[in-house]
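Here is the structure we will look at, set down as C-alpha cells.
In what follows, residues are counted from 1 in the order of the sequence shown. This structure is a prediction, so every number in the text was calculated from the model and none was measured. Read the numbers this way: they start at 1 and go in the same order the structure lists the ligands and their atoms.
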Amino acid sequence: MSGVISRLSAMLKGGKISVKELIEAYISRIEAVNPLLNAYVYTTFEEALSKVDSMQKRIAEGASPLAGIPFALKDNICTAGIPTTCCSKILENFRPCYDATVWSKLKAQGAVLLGKTNMDEFAMGSTSESSFYGAPKNPVNTACVTGGSSGGSAAAVKAELAAFALGSDTGGSIRQPASFCGVVGFKPTYGAVSRYGLIAYASSLDQIGPFAQTVEDAAIVYDAIRGKDEHDMTSACGKAGATDLSCDVKNITVGVPEEFFSDGVDEEVKSAIEAAICLFERGGATIRRVHFPDLKTALSAYYVISCAEASSNLGRYDGIRYGYRAESYADIDEMIVKTRSTGFGAEVKRRIMLGTYVLSSGYYDAYYKKACLIRSRIRAAFRELFSGCDILITPASPTTAFHLGKTYSDSTQAYLADICTVPVNIAGLPAVSLPCGVSKDGLPIGMQIIADRMCDSTALACAHYFEREAAVSVPLSSEVAL
Ligand code: GLN
C-alpha cells in the first residue's frame, strides 16, 4: 500500500493541490468530525495557516517529503507557546517555554501542526477515558474506546484528521490504540528517538513514535524524528540512511511465543494472528513455536517500575512551577496538598501512591528491587529468543476495542489487558502494531511484530510485507466516513 504521505507529497510537488488547499481541507474535516470524536483537545489552525506560503516555497525548492504535510502531536509533547496539558487539570493552561526535539525536527522538515491530541491523563491508562477533557471515541465504532493512552492520535489518523500523528508508548500506548483503531503504530527501540520535551511518565520505559495509515508512512516519520540528541543522554544514533522496507521473507525466521496466545486472548484475535503467521509461512518464512514463560511476571514488574518512576517524576507538580494551583490555602504545605489532591485525577493518584509505596524503605527490596531483577530476566529471555528468530509475532492486545465505560471502572481489568505490549518496553525493543483482520462486530484486530534492539527496520520491513500481501481494510463508522 502506498502511503498517504507520499501521495500527498507527490500532489503538492506536482502542483495538483496547494499547501493552503490541503491544510484547509484537513481543517474543515476536523471542524466537521472532531466534535463527535474528541480526538483533538487543542487546535493550532491559525499557526498552521500562517505557514502555508513559506511551505509552498519550500516545496518548489524540492524539500523533504514531510513539507506541507498536516499532522498532530499527543498532548504530552512540549510545544513552546502552545498548551501542553497531558490532559490533566494540573497542567491546565501550561504553555511550555521550549519545544520537544521531535517537534523541532518535524517543524524543520516543513510538517504542519494541526493540534494536540487527547490522551489518558499523564499517559496512564488503556482507554483514554481518564482524560480531563473526556474520552475520545473510536472512529470505527463510536460506542467504543480508542484505546490508550495515545487514543486521540490513533483516532485522528484513522478518521483522516491528520496525515500522521505522534504518540508515546510506555507500556503499549502507541501499539494498543493503533490496534483498537485499525492503524499502524510504531514504538521504536528505547533511545532511537529523543525523549527531550516528552513529559515524563516512566523515563526508563517512555518512547515517542508515529501513528500512520501505512507502514511506509510510519517509516518516513520515524526517519524524520530519530537520531542522537544532545539533550537526551539515553538517545542513540541508529543506522544511517532511510529505513529499508524491502523484506526477503524467505530469509526470515518468525518466532511465535505461545504464552501470548493463552486463555485471556479472544478466539477471533487468535485466529486472525494465526492466519497472519500462515501468510508469512506461505511466503517462505520459517516459523518457530517458542516460549516466553515470564509473560505474566512482566506485567507485574511493569506496574511496579512504571508507578515507582511516575511517583518520582510527578513530584514536580506542586502548584509552584507549572499550571494549576489550588485557590485557597493557609500555608505552603496546604497549598501543595490541595493542588495535588484536586489537580490530579484518580488513576494518577492511585499510581503515585503505589509507586511511593514500592519505593518506601521496608518495601523497596520486596517490590522495586525484585521488579528490576525480573526486568533483567526478561531482557535475557528476549536475547535468547532473538538468537534464533528475526521477529516475534503476537497479538497487540488480547481483545478488540472495549465499549466506552466498560473497563474504566475496573483498573485491574485494564492493567491485565496490557499483557502483550509491556514486555517490549521492559526490554526496550522496537515493535509495530498493524491491522491483521476485522472481528465479526467490525472492529479491527491488531498484530504486533517485535524485533531485536536497534533492528527497527526489520520490524517495519516485515510489517510492510504483511500489509502488502494481506491488504486488510478496516472501514470507518458511517458517522465519520468521508
Ligand atoms: N496502559 C499502560 C498503562 O496504563 C501503558 C501506558 C503507556 O504506554 N503510556 O500504564
Side-chain angles (χ1 to χ4, degrees), residues 73-77 86-88 117-131 135-136 145-154 165-181 185-188 190 193 195 198-211 298-311 313-314 344-355 358 371 395-399 401-402 406-433 446 448:
L73 286 175
K74 185 175 179 178
D75 203 29
N76 59 353
I77 296 176
C86 277
C87 291
S88 177
T117 57
N118 209 346
M119 56 183 278
D120 276 301
E121 184 180 7
F122 279 98
M124 296 174 186
S126 310
T127 61
S128 301
E129 289 169 294
S130 68
S131 165
V145 299
T146 53
S149 64
S150 317
S153 286
L166 295 189
S168 66
D169 190 313
T170 305
S173 281
I174 292 177
R175 290 158 288 154
Q176 186 257 27
S179 158
F180 279 15
C181 292
F186 179 50
K187 179 228 170 274
Y190 181 80
V193 174
R195 287 179 297 112
L198 170 68
I199 297 182
Y201 161 16
S203 316
S204 77
L205 304 161
D206 296 342
Q207 187 58 183
I208 296 176
F211 285 92
L299 190 64
S300 314
Y302 167 79
Y303 274 97
V304 171
I305 294 170
S306 63
C307 291
E309 292 186 23
S311 73
N313 276 325
L314 272 60
F344 287 132
E347 183 61 27
V348 174
K349 283 191 275 194
R350 183 177 301 125
R351 295 193 191 204
I352 293 174
M353 286 194 289
L354 203 74
V358 300
S397 166
T399 66
F402 329 121
K406 193 170 153 241
T407 48
Y408 186 48
S409 50
D410 184 349
S411 289
T412 323
Q413 201 60 34
Y415 296 173
L416 286 172
D418 292 333
I419 195 149
C420 299
T421 47
V422 298
V424 168
N425 300 72
I426 291 185
L429 304 175
V432 58
S433 157
Q448 173 171 242

Under 4.0 Å to a heavy atom of [X] - the qualifying atoms of ligand 1, by number:
| X | value |
| --- | --- |
| A123 | 6 (C), 7 (C), 9 (N) |
| D169 | 8 (O) |
| Y302 | 2 (C), 3 (C), 5 (C), 6 (C), 10 (O) |

Whether S306 lies under 4.0 Å from ligand 1, heavy atom: no

Within less than 4.0 angstrom of ligand 1, does Q176 place any heavy atom? no

Cut-off 3.5 Å, side chains only: do [X] and [Y] have a donor facing an acceptor?
| X | Y | answer |
| --- | --- | --- |
| E309 | S204 | yes |
| K406 | T127 | no |
| S433 | S179 | no |

Between D120 (side chain only) and S130 (backbone N and O only), is there a donor and an acceptor less than 3.5 Å apart? yes

Could you tell me whether a side-chain N or O of S150 sits under 3.5 Å from a main-chain N or O of S168, the two making a donor and an acceptor? yes

Part of [X] within contact of ligand 1 (heavy atoms, under 4.0 Å):
| X | result |
| --- | --- |
| S149 | side chain |
| D418 | side chain |
| Y415 | neither |

To the nearest 0.5 Å, atom CG of D206 lies from atom CG of N313 at 7.5 Å

